[in-house]
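Structure, as structure tokens:
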Amino acid sequence: MEAAAALTVPTMAGFSSSSPNSSFPGNSGIFLHRCVHLRKNNMRVKSSATFSIRAAASGGDNAVTLLDYGAGNVRSLRNAIRRLGFDIKDVQTPDDILKANRLIFPGVGAFAAAMNFLNEKGMAEALCDYINNDRPFLGICLGLQLLFESSEENGPVKGLGLIPGVVGRFDSSEGLRVPHIGWNSLQIEKDAGILNDVASRHVYFVHSYRAMPSDNNEEWVTATCNYGDNFIASVRRGNVNAVQFHPEKSGDVGLSILRRFLHPESSISKKPAEGKASKLAKRVIACLDVRANDKGDLVVTKGDQYDVREQTEENEVRNLGKPVELAGQYYEDGADEISFLNITGFRDFPLGDLPMLQVLRFASENVFVPLTVGGGIRDFTDANGRHYTSLEVASEYFRSGADKISIGSDAVYAAEEYLQTGVKSGRSSLEQISRVYGNQAVVVSIDPRRVYIDTPNDVPFKSVNVTNPGPNGEAYAWYQCTVNGGREGRPIGAYELAKAVQELGAGEILLNCIDCDGQGKGFDIDLVKLISDAVSIPVIASSGAGSPEHFSEVFKKTNASAALAAGIFHRKEVPVLSVKEHLLKEGIEVRM
């Protein structure tokens, strides 16, 4: 990051930063006017200007043609392609597909929406012709699923029909957590070409639907993955490749896969180290609370029971580093995901929160694992009376580099309304965003506070027999949900909230605990067990980590899929690698 004047290029709410012709929801045509001054050692919020980031497309032999239909985060893939030395040409017409030297189709979101886009733009026929002519092709995630005959997602919906088979949903009836989110292993079935350097390493999956291998499609299948059953993880025929996982989010292993596709005849000078991946790994997530300090600089901070100010006479915001720099460091250290929580003063006007968008844009240039962002993602009306939907807000975050968005207070209000009426209104941010992007892109952050009671009959909410009795010897407690950064309690328990948001479309739960926050005494095992046993979506344990042993404890005693920490990483008390090495010694599968 160079010391310089502010960048000044216009950006449009919605998808304009990468997909000017997208017809997807959220392309509102509203231009934003704000700026940040980017200095070598900080990000400082200043006065108005306009900007966005979009590299110019170029043609020629060194260009990759990208079929980006306008849903989800494609910025990381663009960054990975450029990092490997290629320019990018975006598909604007069916003829762009037919003329491509090499084509990548990174599908994200719903099957039906993608097929509607391809059919309406006349691109489905061109794509089939391109693939049938054995041209270099790489489909990613939904880009693999669309090659099949049909999908059961909101269907049946007809696909491109190039590979025999139907895409179906994972079966969660036997306790399988859906979506399938995280780092899993591959079983290579035969010469996979682009997978030759995977070397028993984990790759990153995030999906609720999958295609199954059969006698009719076995000539295509090059790798499978086990999650409940063996599903298709990779296909290949000639120059045509597609993968269910996300190489652009799979670290150095994923970059080697992209390099194999882009440079099929070249030798890999630095191959990923041999791994021992055998199943879905438990995830270790680094969290960065980002806000503007009193000088206007964006800093990473950390709360003590949600208080981020130093207990000094100056009472200044606790400064633990710079967000982009720390995100890059945690990626190099082996963090499986990076989570940004936007707690700046701009949260009341999220579309104008350009500093946080810039953090995502810069971080995604060098961080090739999933990025989650939370804070201020909701419907709102600006000072001019212009109403923005949460979908428009989320769209800007996705296009700036976020893979998942985290919703807090707004999800609480939506759950309360749903439990009161029994009706899904479809208006909540949770429902709107999951409907367009899929529930795997939506995390609900729960901020509960422990309330001790004498008996379970004292409250109408689910309670637990606590491991450690309350201050007056109380044997039970319920977990009251809060909003507005823990400042306001609500008449709903964490258990009730978790069950409700799963019904409303959440794909994952980030489970905090105000009582444990910043204490370093371990996760609230009673709470994590309560929630992870109650829902069939993945649960991330958060708040209280102070040692590697706290991570192994929460994974052994609960059904948590991931564990998140902040302060111990920021203060360099416990490195990410030390946590993973400890988990490995305890017999817990992790990505190394």
Side-chain angles (χ1 to χ4, degrees), residues 64 73-74 76-86 104 106 138-141 143-144 180-207 222-227 231-236 241-264 266-286 327-338 363-371 403 562 576-577 580-581 583-584 589-592:
V64 175
N73 170 29
V74 183
S76 291
L77 179 59
R78 292 175 179 274
N79 289 335
I81 292 170
R82 294 188 183 107
R83 180 163 169 159
L84 295 172
F86 283 78
I104 298 181
L138 175 61
I140 296 174
C141 196
L144 174 143
H180 173 217
I181 297 179
W183 300 78
N184 212 333
S185 61
L186 300 177
Q187 290 78 50
I188 308 297
E189 304 293 333
K190 56 188 175 185
D191 178 27
I194 61 173
L195 303 183
N196 286 346
D197 300 306
V198 170
S200 299
R201 299 282 299 278
H202 291 93
V203 292
Y204 183 77
F205 291 88
V206 53
H207 58 125
T222 54
T224 59
C225 176
N226 186 269
Y227 191 65
F231 66 87
I232 296 174
S234 173
V235 297
R236 179 193 180 193
N241 299 268
V243 294
Q244 180 60 70
F245 56 89
H246 287 267
E248 78 282 10
K249 290 296 169 182
S250 297
D252 59 343
V253 175
L255 291 176
S256 75
I257 292 170
L258 291 172
R259 188 182 293 110
R260 279 284 184 186
F261 172 71
L262 297 173
H263 298 280
S266 67
S267 60
I268 305 299
S269 58
K270 183 181 178 182
K271 294 184 180 181
E274 188 76 24
K276 297 181 179 179
S278 63
K279 60 182 179 181
L280 183 66
K282 296 293 187 180
R283 287 173 282 151
V284 177
I285 301 174
Q329 184 60 57
Y330 294 144
Y331 168 62
E332 295 295 333
D333 291 346
D336 296 313
E337 296 182 23
I338 307 293
S364 66
E365 288 180 2
N366 296 298
V367 175
F368 297 102
V369 295
L371 299 174
D403 299 285
V576 173
L577 183 59
K580 290 195 162 187
E581 288 175 340
L583 292 173
L584 204 58
E589 181 105 358
V590 292
R591 176 185 73 104
M592 296 297 289

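Considering CZ of Arg83 and OG of Ser76, their distance stands at 11.5 Å, rounded to 0.5 Å.
In this structure the side chain of Phe245 never reaches within 4.5 angstrom of the side chain of Cys225, judged on heavy atoms. The side-chain heavy atoms of Val203 and Lys249, taken from C-beta on, include no pair separated by under 4.5 Å. Side-chain contact between Ser200 and Lys276: absent, with no pair of heavy atoms (C-beta onward) separated by less than 4.5 Å. Annotation: side chain of Leu138 is in contact with side chain of Ile194 (closest heavy-atom distance under 4.5 Å). Contact annotation: the side chain of Asn241 never approaches that of Val235 to less than 4.5 Å [non-hydrogen atoms, C-beta and beyond]. Considering only heavy atoms from C-beta on, Leu371 stays 4.5 Å or farther from Asn73 through its side chain. Counting heavy atoms from C-beta outward, Thr222 and Glu189 have side chains that stay 4.5 Å or more apart. Put simply, the side chain of Leu77 reaches to within 4.5 Å of the side chain of Ile140, judged on heavy atoms.
Of all heavy-atom pairs spanning Leu255 and Ala80, the tightest one is CD2-CB, 3.8 Å. What you find for Pro106 and Val74 is that their closest heavy atoms are CG-CG1, 3.9 Å. Heavy atoms only, all atoms of each residue included: Ile188 and Ala223 are closest at CD1-CB, 4.0 Å.
Listed by chain and number, the residues in a salt bridge (charged side-chain N to carboxylate O under 4.0 Å, His left out) with Asp336 are Lys580, Arg591 (sequence neighbours excluded). Asp333 pairs by the side-chain hydrogen bond (donor to acceptor under 3.5 Å, both in side chains) definition with Gln329, not counting sequence neighbours. In this structure, Glu581 has no side-chain hydrogen bond (donor to acceptor under 3.5 Å, both in side chains) partners at least two apart in sequence or on a different chain. Qualifying salt bridge (charged side-chain N to carboxylate O under 4.0 Å, His left out) partners for Arg283, counting only residues two or more places apart in sequence or in other chains: Glu337, Glu508. Contacts of Ser364 classified as side-chain hydrogen bond (donor to acceptor under 3.5 Å, both in side chains), with partners at least two apart in sequence or in another chain: Asn79. By the side-chain contact (heavy atoms from CB on, under 4.5 Å) test, Ala286 pairs with Tyr330, Ala335, Ile338, Phe569, sequence neighbours left out. With sequence neighbours left out, the side-chain hydrogen bond (donor to acceptor under 3.5 Å, both in side chains) criterion links Tyr204 to no other residue. Among residues two or more places apart in sequence or in another chain, the side-chain contact (heavy atoms from CB on, under 4.5 Å) test is passed with Leu84 by Leu258, Arg259, Leu262. In this structure His207 satisfies the ring pair (Phe, Tyr, Trp, His ring centres under 6.0 Å) test together with Phe170, His180, Phe205, Phe231, sequence neighbours excluded.
In this structure, the side chain of Asp197 does not engage the main chain of Ile257 through any donor-acceptor pair within 3.5 Å. The main-chain N or O of Val243 is never found under 3.5 Å from a side-chain atom of Ser234 such that the two would form a donor-acceptor pair.
The side-chain hydrogen bond (donor to acceptor under 3.5 Å, both in side chains) test with Glu589 singles out one residue from Lys279, His202, Lys282, and that residue is His202.
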Report the C-alpha separation of Ile232 and Gln244 in whole Å, then their side-chain angles, then the decisive distance to 0.1 Å, and conclude whether the side-chain contact (heavy atoms from CB on, under 4.5 Å) test is met.
CA-CA 7 Å; Ile232 296 174; Gln244 180 60 70; over 6 Å; no
Start with the C-alpha distance between Trp183 and Val369, add both sets of side-chain angles, then the distance that settles side-chain contact (heavy atoms from CB on, under 4.5 Å), and finish with yes or no.
CA-CA 10 Å; Trp183 300 78; Val369 295; 3.7 Å; yes
Leu186 and Arg201: CA distance, side-chain angles, deciding distance, side-chain contact (heavy atoms from CB on, under 4.5 Å) verdict
CA-CA 8 Å; Leu186 300 177; Arg201 299 282 299 278; over 6 Å; no
Check against side-chain contact (heavy atoms from CB on, under 4.5 Å), Asn366 and Tyr331
CA-CA 9 Å; Asn366 296 298; Tyr331 168 62; 5.8 Å; no
